[in-house]
Amino acid sequence: MELWFTENHTESVRFSIKIKEHLVSEQSEFQKIDILESEELGRILVLDGFVMLTEKDEYIYHEMITHVPMSVNPEIKRVLVIGGGDGGAVRELCRFKGVEHIDLVEIDRRVVELCREYLPFTAGSLGDERVHIHYEDGLKFVRRRENEYDLIIVDSTDPFGPGEGLFTKEFYGNCCKALNERGILVNQHESTFYDEYAHAMKRAHERIKSFFPIALVYQAHIPTYPSGQWLFGFASKKLHPVNDQNAEWWVAQGLRTRYYNRFVHSGCFALPNNVRDVLAGRI
Ligand code: SAM
């Protein structure tokens, strides 16, 4: 008998993956957590029925949400990661020797514990001495911070359920306050392909723009996310992601990556019209 996992990208579009074994199925205080062993995409983390990452393509998302900001400010030392309990963003940040302190604020302790046990390929750096894990709501955590971070990465679930608060004006305003003068905010910014995601993305972008003088969007091709065209937000008080790119510095770090490189860095901010039109409110 064949076993398939199906994710509803919309009410009328589904995405199915053939499964070898259902490793974990648990209802935590915050969400349903499933971890699957698939035939072709390796292990998969699913939260409330949505694919968070697969072993086969998680590197794309985690390289793009970290190496882009890291290449703009080589002086980044203190980082706040909100969400990201799978450890993939933290893994990439720990590869940079200059990073001295990472606060990881993950609302669901069970995500961290289960990823440590079943997804060592993303969670392997959560034990790094620079990493400090806080099991609480990122919306509340950031209220207490001021002028403290060089970089904030919002590696959240989608804007409903526990992640809803991480797309609000209050949250982005508090992130702005928690960053120092050269601070950078990067967030998981959904997609424009399906209407529901497009509305969430446009709303979030407008809210970010109301706090940050520089607020741009960049894209990556992530096959297992709805439509495969996934967006990230880059916001900053002073640093422009393309004009201030330190490509030579990043190359000198000698980090082997499988998606990000110095040319993808500038190219990913060149957006197609189907994204530009949504951002400009033309559709
Ligand atoms: N890194 C993965 C990816 O490739 O997209 C997905 C992100 S990670 C699994 C999303 C995390 O955000 C989840 O572990 C979820 O528990 C956490 N989360 C959701 N709402 C949160 C909140 N308000 N505060 C802190 N963490 C939250």
Side-chain angles (χ1 to χ4, degrees), residues 2-10 13-26 31-68 70 81 83-95 104 106 108 110-126 153-158 163 186-194 197 218-232 255-261 263-265 267-268:
E2 291 189 346
L3 182 62
W4 288 80
F5 163 77
T6 294
E7 177 183 346
N8 296 340
H9 284 179
T10 71
V13 178
R14 292 181 181 173
F15 177 69
S16 295
I17 306 169
K18 194 171 182 184
I19 299 303
K20 277 197 282 199
E21 190 180 353
H22 199 153
L23 300 169
V24 172
S25 185
E26 176 180 318
Q31 54 211 331
K32 179 86 182 327
I33 306 172
D34 288 280
I35 298 179
L36 312 168
E37 186 75 64
S38 75
E39 288 287 350
E40 192 162 348
L41 304 180
R43 289 191 171 180
I44 302 174
L45 172 64
V46 175
L47 296 180
D48 281 343
F50 294 98
V51 170
M52 292 288 113
L53 62 91
T54 81
E55 192 171 6
K56 186 151 176 80
D57 69 352
E58 57 83 13
Y59 66 89
I60 302 172
Y61 175 95
H62 292 123
E63 287 180 10
M64 289 302 282
I65 207 169
T66 53
H67 291 251
V68 168
M70 290 303 295
V81 177
D86 55 274
V90 164
R91 176 195 68 206
E92 291 303 312
L93 291 166
C94 286
R95 299 176 70 190
L104 172 66
E106 165 56 61
D108 194 339
R110 288 301 289 150
V111 170
V112 172
E113 291 169 346
L114 290 168
C115 288
R116 274 183 151 145
E117 186 177 352
Y118 290 94
L119 306 180
F121 58 89
T122 60
S125 297
L126 290 177
I153 293 176
V154 186
D155 180 7
S156 66
T157 42
D158 298 318
V186 169
N187 64 294
Q188 186 277 101
H189 216 18
E190 303 291 314
S191 170
T192 55
F193 185 77
Y194 293 114
Y197 290 91
Y218 61 102
Q219 68 175 1
H221 307 287
I222 305 178
T224 56
Y225 280 180
S227 81
Q229 180 185 24
W230 210 252
L231 304 174
F232 299 86
L255 300 173
R256 184 184 172 283
T257 48
R258 291 185 286 165
Y259 187 90
Y260 176 87
N261 62 48
F263 310 107
V264 161
H265 183 111
C268 69

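Count residues from 1 along the sequence. It should be emphasised that the depicted structure is a prediction, and the values quoted were computed from it without experimental measurement.
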Could you tell me which residues satisfy side chain to side chain donor-acceptor pair (under 3.5 Å) with H67, sequence neighbours excluded, listed by chain and number? E92, W250

When T66 is tested against each of V81, V90, I153 for side chain to side chain contact (heavy atoms under 4.5 Å, CB included), which residue passes? I153

Sub-4.5 Å side-chain heavy-atom contact between V111 and M52: no

Once you round to the nearest 0.5 Å, how far does CG of L231 lie from OG1 of T192? 5.5 Å

Side chain H22, main chain V24, donor-acceptor under 3.5 Å: yes

Only counting residues at least two apart or in another chain, list the ones meeting side-chain contact (heavy atoms from CB on, under 4.5 Å) with L3. I19

Side chains of W230 and H189, heavy atoms from C-beta outward: is any pair under 4.5 Å? no

Side chain to side chain donor-acceptor pair (under 3.5 Å) contacts in which one or both residues fall within residues 38-49, not counting sequence neighbours: E37-R43

Write down the atom of T6, the atom of S16, and the distance for their closest heavy-atom approach. OG1-OG, 2.6 Å

My understanding is that only residues two or more places apart in sequence, or in another chain, count here; which of them pass salt bridge (Lys or Arg N to Asp or Glu O under 4.0 Å) with D34? K32

By side chain to side chain donor-acceptor pair (under 3.5 Å), which residues pair with E113, not counting sequence neighbours? R110

Excluding sequence neighbours, so at least two apart, what forms side chain to side chain donor-acceptor pair (under 3.5 Å) with N261? none

Full working for side chain to side chain contact (heavy atoms under 4.5 Å, CB included) between T122 and L45: CA-CA 11 Å; T122 60; L45 172 64; over 6 Å; no

Let me see the working for Y218 and V68 under side chain to side chain contact (heavy atoms under 4.5 Å, CB included), right down to the final yes or no. CA-CA 10 Å; Y218 61 102; V68 168; 3.7 Å; yes

Run the salt bridge (Lys or Arg N to Asp or Glu O under 4.0 Å) test against K18 and tell me which residues pass, sequence neighbours left out. E2

Can you list everything that forms a side-chain contact (heavy atoms from CB on, under 4.5 Å) with F15? Sequence neighbours excluded, please. H9, I17, T224

CG of D108 to CD of Q31, rounded to nearest 0.5 Å, is 4.5 Å

Decide yes or no for L47 and I33: does some side-chain heavy atom of the first lie under 4.5 Å from some side-chain heavy atom of the second? yes

Verdict with supporting geometry, E58 and D86, side chain to side chain contact (heavy atoms under 4.5 Å, CB included): CA-CA 10 Å; E58 57 83 13; D86 55 274; 6.0 Å; no

Mind checking whether S227 and S191 have side chains closer than 4.5 Å, heavy atoms only? yes

Could you list the residues that satisfy side chain to side chain donor-acceptor pair (under 3.5 Å) with T54, not counting sequence neighbours? D57

All side-chain contact (heavy atoms from CB on, under 4.5 Å) counterparts of Y61, not counting sequence neighbours: I65, D155, Q188, I222, Y225, F232

Those residues that, when tested against E106, pass salt bridge (Lys or Arg N to Asp or Glu O under 4.0 Å) (two or more places apart): none

By side-chain contact (heavy atoms from CB on, under 4.5 Å) - contacts of Y259 (at least two apart): Y59, I60, E63, M64, A220, H221, V264

Assess whether side chain to side chain contact (heavy atoms under 4.5 Å, CB included) is satisfied between E7 and V46, documenting all intermediate values. CA-CA 9 Å; E7 177 183 346; V46 175; over 6 Å; no

